[in-house]
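See structure below.
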Amino acid sequence: MTYDEIRKDPAIRTYITQADASLAALGFTEHSFTHVATAASRVEYILTTLGYPPRMVEIGKIAAYLHDIGNLVNRVEHSQSGAVMAFRILDKMGFSAEEIALVTTAIGNHDEGTGVPVNAVAAALILADKSDVRRSRVRNQEVASFDIHDRVNYSVTKSELKINEAHTLIKLKLSVDTHYSSVMDYFEIFMERMLLCRRAAEKLGLQFRLMINEQQLI
């Protein structure tokens, strides 16, 4: 089974759609197909750039695509419920125990509340997920009623995750329109995520840097 087959599976698409609908009802930013595909693309970039085997890259992409399905159950501890859901889905599809273990471990450890970058796939997923900050994730179109999460995401006009040529450093570069949100707003809600990104980078043998408007913050 491949990433493209997972993407086309009707049941999985239903779970992602409903999970995102639940988050929409709670006022969260977009967690639908754009988010999970972005995460998968970034996992692919990280693992491929660092020379991991093609099948591990494929498994990493699958983990990224499935990582938020636990929101179908509840936002609270969604990483754990998502890991259990992914286990059942992949087991039913005939994935090997080794591949199921990689996916469920990565999903179960992607959230900053309880997550730990225990292996390369988990580390890549953390970096891919937490770096997806962008204006198009904001559902609320009324700027006057933005909460801090809306303001921060809406203020980010460009987001890039890049590994240097020496493969020693990974940078998250953000362009932020401070008319909508200050840099301090970003740190207020994302500091824990950025610290988890630093630990994830270290697991991959990299240093992590956060650049906002060409200024290094971490």
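All residue numbers in this chain count up from 1 along the given sequence. In what follows, every heavy atom counts, from backbone to side chain, and hydrogens, waters and symmetry copies are set aside. Just so you know, these numbers come straight off a predicted model, no measurement behind them.
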Should we say atom CD of Glu142 is surrounded by more than 12 heavy atoms from elsewhere, each under 6.0 Å from it? no

With a sphere of 6.0 Å drawn around CZ of Arg88, does it hold more than 12 non-hydrogen atoms of other residues, nucleotides or ligands? no

Starting from the C-alpha separation in whole Å, work towards a yes-or-no answer on side chain to side chain contact (heavy atoms under 4.5 Å, CB included) for Phe190 and Val133. CA-CA 10 Å; Phe190 286 154; Val133 187; 4.0 Å; yes

Check whether any side-chain heavy atom of [X] sits under 4.5 Å from a side-chain heavy atom of [Y], and report yes or no.
X      : Y      : result
Val36  : Leu66  : no
His167 : Thr49  : yes
Tyr65  : Ile16  : yes
Asp9   : Ile6   : no
Ile59  : Phe95  : yes
Phe146 : Val138 : yes
Leu210 : Lys171 : no
His67  : Asp129 : yes

Shared hydrophobic cluster, [X] / [Y] (ILVMFWY, side-chain heavy atoms < 4.5 Å):
X      : Y      : answer
Leu169 : Tyr52  : no
Tyr15  : Val73  : yes
Leu195 : Leu127 : yes
Val84  : Leu125 : no
Phe187 : Leu174 : yes

For the [atom1] atom of [X] and the [atom2] atom of [Y], what is their distance to the nearest 0.5 Å?
X      : Y      : atom1 : atom2 : result
Cys197 : Leu172 : SG    : CG    : 7.0 Å
Leu204 : Leu206 : CG    : CG    : 5.5 Å
Arg209 : Leu217 : CZ    : CG    : 12.0 Å
Lys92  : Ile100 : NZ    : CD1   : 13.5 Å
Gln216 : Met211 : CD    : CE    : 6.0 Å
Lys8   : Glu5   : NZ    : CD    : 8.0 Å

Give the minimum heavy-atom separation between [X] and [Y], together with the two atoms involved.
X      : Y      : result
Ile69  : Ala86  : CD1-N, 4.0 Å
Leu161 : Ser131 : CD2-OG, 3.8 Å
Ala64  : Ala39  : CB-C, 3.7 Å
Ala201 : Phe208 : CB-CB, 3.7 Å
Ile107 : Gly82  : CG2-C, 3.7 Å
Leu47  : Ala120 : CD2-O, 4.0 Å

Arg135 to Tyr154, cation-pi by 6.0 Å centre distance and 45° axis angle: yes

Cation-pi geometry met for Lys162 and Tyr45 (6.0 Å, 45°): yes

Check: [Y] main-chain N/O paired with [X] side-chain donor or acceptor under 3.5 Å:
X      : Y      : value
Asn109 : Thr105 : yes
Thr29  : Asn153 : no
Thr38  : Thr34  : yes
Thr178 : Ser181 : no
Glu44  : Lys61  : no
Gln215 : Ile212 : no
Arg137 : Glu30  : yes
Thr104 : Ala83  : no

Hits for side chain to side chain contact (heavy atoms under 4.5 Å, CB included) against Thr17, two or more places apart or cross-chain, chain-then-number order -> Phe33

List the steps, then state whether side chain to side chain contact (heavy atoms under 4.5 Å, CB included) holds for Lys158 with Lys173. CA-CA 8 Å; Lys158 188 176 182 180; Lys173 298 180 67 176; over 6 Å; no

Side chain to side chain contact (heavy atoms under 4.5 Å, CB included), paired with Lys130, selected from His110, Glu192, Arg42: His110

Between the side chains of Thr114 and Gln80, does any donor sit under 3.5 Å from an acceptor? yes

Hydrogens and angles aside, do Asn74 and Ser81 bring a side-chain donor and acceptor to less than 3.5 Å of each other? no

Is it true that Glu99 and Arg55 make a salt bridge, defined as a side-chain N closer than 4.0 Å to a carboxylate O? yes

Let me have the donor-acceptor pairs involving side chains of residues 20-28, under 3.5 Å, with sequence neighbours excluded, atom names and distances please.
| unit_1 | atom_1 | unit_2 | atom_2 | d |
| --- | --- | --- | --- | --- |
| Asp20 | OD1 | His31 | N | 2.8 |
| Asp20 | OD1 | Ser32 | N | 3.4 |
| Asp20 | OD1 | Arg139 | NH2 | 2.5 |
| Asp20 | OD2 | Arg139 | NH1 | 3.3 |
| Ser22 | OG | Gln18 | O | 3.1 |
| Ser22 | OG | Gln18 | NE2 | 3.4 |

Go through it in stages, so that I can follow the logic: the residues are Arg134 and Asp132, the test is salt bridge (Lys or Arg N to Asp or Glu O under 4.0 Å), and I'd like the CA-CA distance, side-chain angles, deciding distance and then a yes or no. CA-CA 6 Å; Arg134 53 186 158 80; Asp132 186 22; 2.7 Å; yes

Where do Glu188 and Ile148 land on the side chain to side chain contact (heavy atoms under 4.5 Å, CB included) test, with the steps shown first? CA-CA 9 Å; Glu188 182 177 339; Ile148 189 170; 3.5 Å; yes

Where do Asn164 and Ile170 land on the side chain to side chain contact (heavy atoms under 4.5 Å, CB included) test, with the steps shown first? CA-CA 6 Å; Asn164 68 346; Ile170 185 167; over 6 Å; no

